[in-house]
Amino acid sequence: MMASPGKLAYFRLPPLPTVGELIKLYKLRAEKQLSQNFLFDLRLTDKIVRQAGSLRDARVCEVGPGPGGLTRSILNAGVSEVLVVEKDTRFIPGLKLLSEAAPGMLRIVHGDILTYRMDRGFPENVSKPWGEDPPNLHIIGNLPFSVSTPLIIKWLENIANRTGPFVYGRTRLTLTFQKEVAERLTASTGSKQRSRLSIMAQYLCTVRNCFTIPGRAFVPKPKVDVGVVHFTPLIQPQIPQPFKLVEKVVRNVFQFRRKHCHKGVEKLFPEVCRLELTQEMMQKADVDPTLRPTELTIPQFRALVDAYAHFCAHEPSLLSYEFREELRLKHLSKLRNRTMASQPAQHQVLNNPTE
Ligand SMILES: C[S@@+](CC[C@H](N)C(=O)[O-])C[C@H]1O[C@@H](n2cnc3c(N)ncnc32)[C@H](O)[C@@H]1O
């Protein structure tokens, strides 16, 4: 493979204390509430980073760096810049050591990833249009279990609406989840693990279950194994239907996961016209009503969502709440963006390597 020009492609961290030694040095006891399970084995962290594809000259945001094992592997991958967001202040001194060893490459943010505005962390991304390859931002993280599902749902909505880290470019994600969640995210049509989460993720992304890390590889050892999942958002001009509408159809269909799918579809309509409209919707979408929810493909879900949107357009009372809510939220987010643009950032960047 040809190396890209510039010194970063050949960057290697100088010798440093090991992750285990750093933990001893700073007396870092793992906090259960923050789902702290650390990876000491740098061959494993390297393997996670390899799933992201080439990171030469890329920008990376790492969620929850903790003692920095995964951060070391990211820095060694020839990236141009890494921004790490860590909630626990105790890890900051160790991360600063890493930052000194990789001058100009590591920005440390003390903050909560659930509220951190990543688009503000990488404002220069504005010049890159959506869909440009290679992507300009990678999100990588050995995620805390406590936030992994809400975080991926929030990011899926961001992908649909091109907000948050997805506002300017086709950001890719390489993240860890509890093994069972990883299996649900990537479950194929007909599999037992197929669920709402599988549909929402695969509606918007190509999803790959990369490999499983046994619980014993972490310190302390969690009760579960961990799956590494890679997401590539699909290139589409705009999500054809609002995210909330997609969510509503998928939620209803999976309400009766062992029954025929028309059972869940019926619940989308008022009782008086339920059976007729369900029949009409299934015909319009060309979906066999006797299939089980787990047997439906993504194109069939798309067809169901489109058919339901058609009914809603003709009978706004079916969906007036969601549409109103979606419009209200979009309006609020526009106002918030405007206000925040005129305010200083709330999260503290603890070092500025470019200074
Ligand atoms: C599973 S540990 C991974 C640590 C390290 N990346 C590794 O692989 O060894 C999760 C990390 O996320 C941090 N964390 C937990 N909740 C967070 C949040 N809401 N925002 C940012 N970081 C968080 C924890 O403090 C911890 O460092």
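Ligands are counted one by one from 1 in listed order, and the atoms in each one are counted from 1 as well. Heavy atoms only: backbone and side chains are in, while hydrogens, waters and symmetry mates are out.
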Atom 9 (O) of ligand 1: closest protein heavy atom, distance to 0.1 Å, is L39 N, 2.9 Å
The one among V147, L70, N142 that brings a heavy atom closest to atom 3 (C) of ligand 1: N142
Note: ligand 1 atoms sitting under 4.0 Å from heavy atoms of D112 are 18 (C), 19 (N), 20 (N)
Does atom NZ of K263 have more than 12 heavy-atom neighbours from other groups under 6.0 Å away? no
Where ligand 1 meets G66 - atom numbers and elements under 4.0 angstrom, heavy-atom basis: 27 (O)
Starting from atom 5 (C) of ligand 1, what is the nearest protein heavy atom, named by residue and atom, and what distance separates them? P65 O, 3.3 Å
Protein heavy-atom partner closest to atom 16 (N) of ligand 1 - residue, atom, separation in Å: P144 CG, 3.5 Å
So is G69 close enough to ligand 1, meaning a heavy atom under 4.0 angstrom away? no
For G111, the ligand 1 atoms with a heavy-atom partner under 4.0 Å come out as 20 (N), 21 (C)
Side chain to side chain, L204 and F231, heavy atoms closer than 4.5 Å: no
Can you pull out the closest protein heavy atom to atom 6 (N) of ligand 1? Residue, atom name and distance to 0.1 Å, please. G64 O, 2.8 Å
When you check the gap from the basic side-chain N to the acidic O, do E81 and R59 get nearer than 4.0 Å? yes
I113 N/O to ligand 1 N/O under 3.5 Å: yes
Around atom CG of D286, are there more than 12 heavy atoms of other residues, nucleotides or ligands at under 6.0 Å? no
Of all the atoms in ligand 1, which lie at a distance below 4.0 Å from a heavy atom belonging to K87? 17 (C), 18 (C), 19 (N), 20 (N), 21 (C), 22 (N), 23 (C)
Classify the angle between the aromatic ring planes of Y308 and F269 as parallel (below 30°), tilted (30 to 60°) or perpendicular (above 60°). perpendicular
Per-atom filter on ligand 1: closer than 4.0 angstrom to a heavy atom of F38 are 4 (C), 9 (O)
Side-chain donor-acceptor contact under 3.5 Å, Q279 with R274: no
Any idea which of L34, V63, N37, I74 brings a heavy atom closest to atom 1 (C) of ligand 1? N37
Nearest non-hydrogen contact to atom 13 (C) of ligand 1 from the set E86, H110, E62 belongs to E86
salt_bridge(E157, K244) N-O dist < 4.0 Å: yes
Should the heavy atoms of other residues, nucleotides or ligands under 6.0 Å from CD of E180 be counted, would the total exceed 12? yes
Other residues, nucleotides and ligands only: do more than 12 of their heavy atoms fall within 6.0 Å of CD on E271? no
Element-labelled atoms of ligand 1 that are located less than 4.0 Å from some non-hydrogen atom of V85: 21 (C), 22 (N)
Which of the ligand 1 atoms, numbered from 1, are nearer than 4.0 Å to a heavy atom of D88: 25 (O)
Taking only heavy atoms of Q36 into account, list the atoms of ligand 1 that are under 4.0 Å away from them. 24 (C), 25 (O), 26 (C)
Polar contact flag for S35 and ligand 1 (N/O pairs, less than 3.5 Å): no
What verdict does the side chain to side chain contact (heavy atoms under 4.5 Å, CB included) test give for D41 and V19, after you've listed the backbone C-alpha separation in whole Å, the side-chain angles of each residue and the deciding distance to 0.1 Å? CA-CA 9 Å; D41 183 347; V19 175; over 6 Å; no
M118 side chain reached by I139 side chain, heavy atoms, under 4.5 Å: yes
